[in-house]
Structure formats: structure tokens, C-alpha cells
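Numbers here are sequence positions counted from 1. In what follows, every heavy atom counts, from backbone to side chain, and hydrogens, waters and symmetry copies are set aside.
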Amino acid sequence: MPIARYWSVKTGGNEVTEEMANTWKDNFLAYAIENGCMRGALAADDERVIAVSIWPDLETMNSVIDSDAYQDIAEVMTASWGAGGITLPDDVEFSCNGELLVMVVPEGM
């Protein structure tokens, strides 16, 4: 059963910049995709930023999250986002993993 990991961070009114989004994409998401992640997305409103990643199973996801490389990625993310006024991990609102009950992917995506 595929797993979704959701991660929500309070922005404190700070803008999530293109540089911050690219840091997430080019570091975490790129590494995750190389190691089994099926897809991911980053979304923001005026109060929070939410990241989601979809994994084929819990074991694949945990192998990435528990890796030394993930710890290095966390340092890069913390520095980039901290420069924009978002303090990781202090501003994390919640993080959760859940089995996907339904997932529809249109053809061509």
C-alpha cells in the first residue's frame, strides 16, 4: 500500500521564496525520487507550507528518512529556510504518515 508523508510548517507570515522551494525540490525531493519516492509537492498559503511525498511503502520511505544523506539535506534545508525567517524544526506544525486509500493519476502525468 502506498504511503503519503505530510509535513506542515508555520511560516509566521514569512514568504516561502522560490529559493526555499528550490532547496526543497533540488535536495529533498531529488534525493527521495532517486531512492524510491513516487512523487512530491510543496504548497503554501499565508500561514504555512505543506510538503507531501508519496512512497510505494513504509520501508522505502523510512530508508530515506533514516539515511545519513537525509540528515545532510536537513542541514541545507534548515539554513535556507532559516535565512527566510522559518525556523526548522521549531516551526513544524505537524508531520504524519498515512496509507493512501485512493490515488488517481490521470494518464500522461
Side-chain angles (χ1 to χ4, degrees):
M1 173 90 35
I3 299 292
R5 179 175 179 83
Y6 293 92
W7 183 74
S8 175
V9 178
K10 297 176 286 184
T11 61
N14 294 301
E15 178 185 356
V16 178
T17 66
E18 183 177 344
E19 189 272 329
M20 293 161 71
N22 285 335
T23 297
W24 179 82
K25 179 183 66 116
D26 296 341
N27 289 275
F28 167 72
L29 190 57
Y31 177 73
I33 296 287
E34 288 172 7
N35 289 281
C37 180
M38 298 163 61
R39 60 183 52 225
L42 192 65
D45 63 16
D46 293 339
E47 298 176 23
R48 68 190 46 83
V49 60
I50 298 174
V52 62
S53 51
I54 309 296
W55 301 84
D57 52 57
L58 190 59
E59 293 78 22
T60 302
M61 183 188 74
N62 284 338
S63 71
V64 168
I65 293 169
D66 294 336
S67 70
D68 290 338
Y70 184 80
Q71 297 310 312
D72 294 339
I73 290 166
E75 289 179 25
V76 171
M77 292 281 303
T78 298
S80 172
W81 289 43
I86 300 172
T87 307
L88 300 175
D90 296 344
D91 290 333
V92 173
E93 260 184 325
F94 73 88
S95 175
C96 67
N97 306 323
E99 290 184 5
L100 286 173
L101 302 176
V102 176
M103 184 170 80
V104 177
V105 180
E107 278 189 48
M109 292 203 68

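- Taking NZ from K10 and CD1 from I86, the interatomic distance works out to 11.5 Å, rounded to the nearest 0.5 Å.
- When hydrophobic clusters are built by joining Ile, Leu, Val, Met, Phe, Trp and Tyr residues whose side-chain heavy atoms come closer than 4.5 Å, directly or via intermediates, I54 is grouped together with F94.
- Within a 6.0 Å radius of CD in E19, more than 12 heavy atoms belonging to other residues, nucleotides or ligands are found.
- Within the 4.5 Å cutoff, no side-chain heavy atoms of T60 are placed close to those of I3.
- Under the side chain to side chain donor-acceptor pair (under 3.5 Å) criterion, E47 pairs with no residue, sequence neighbours left out.
- W24 and I50 fall into different hydrophobic clusters, where Ile, Leu, Val, Met, Phe, Trp and Tyr are joined by side-chain heavy atoms under 4.5 Å apart, directly or via other members.
- Within the structure, salt bridge (Lys or Arg N to Asp or Glu O under 4.0 Å) contacts touching residues 78-94 (residues at least two apart or in different chains) are R48-E93.
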Quiz: residues 29-38 side-chain donor-acceptor pairs under 3.5 angstrom, not counting sequence neighbours:
from, atom 1, to, atom 2, distance (Å)
Y31, OH, S67, OG, 3.1
N35, ND2, Y31, O, 2.8

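- The OG1 atom of T11 sits 8.5 Å away from the CE atom of M20 when rounded to the nearest 0.5 Å.
- Residues meeting the side chain to side chain donor-acceptor pair (under 3.5 Å) test with D26, sequence neighbours left out: none.
- Considering V64, I65, D57 as possible partners of M61, the one that fulfils the side chain to side chain contact (heavy atoms under 4.5 Å, CB included) test is I65.
- The minimum heavy-atom distance linking S80 with T23 is given by the pair OG-OG1, 3.1 Å.
- Counting non-hydrogen atoms of neighbouring residues, nucleotides and ligands closer than 6.0 angstrom, the CG atom of D46 reaches no more than 12 such neighbours.
- Around the CD atom of E18, the shell of radius 6.0 Å holds no more than 12 heavy atoms that belong to other residues, nucleotides or ligands.
- Cluster membership check: M103 shares its hydrophobic cluster with Y6, using side-chain heavy-atom separations under 4.5 Å among Ile, Leu, Val, Met, Phe, Trp and Tyr.
- The minimum heavy-atom distance linking I73 with N27 is given by the pair CD1-O, 3.7 Å.
- Taking each heavy atom of V16 and A44 in turn, the nearest pair found is CG2-CB, 4.2 Å.
- Take W55 and apply the ring-ring contact (aromatic ring centres under 6.0 Å, His included) test, not counting sequence neighbours, and it matches no residue.
- Tracing side-chain contacts under 4.5 Å through hydrophobic residues (I, L, V, M, F, W, Y), one reaches M77 starting from V92; they form part of the same cluster.
- Once rounded to the nearest 0.5 Å, the distance linking CG of L58 with OG of S63 reads 10.0 Å.
- Sorted by first and then second residue, the salt bridge (Lys or Arg N to Asp or Glu O under 4.0 Å) pairs with a member in residues 61-85 form an empty list; sequence neighbours excluded.
- To the nearest 0.5 Å, atoms CH2 (W7) and SG (C96) are separated by 13.0 Å.
- Looking only at distances, no side-chain donor or acceptor of N62 sits under 3.5 Å from a matching main-chain atom of E59.
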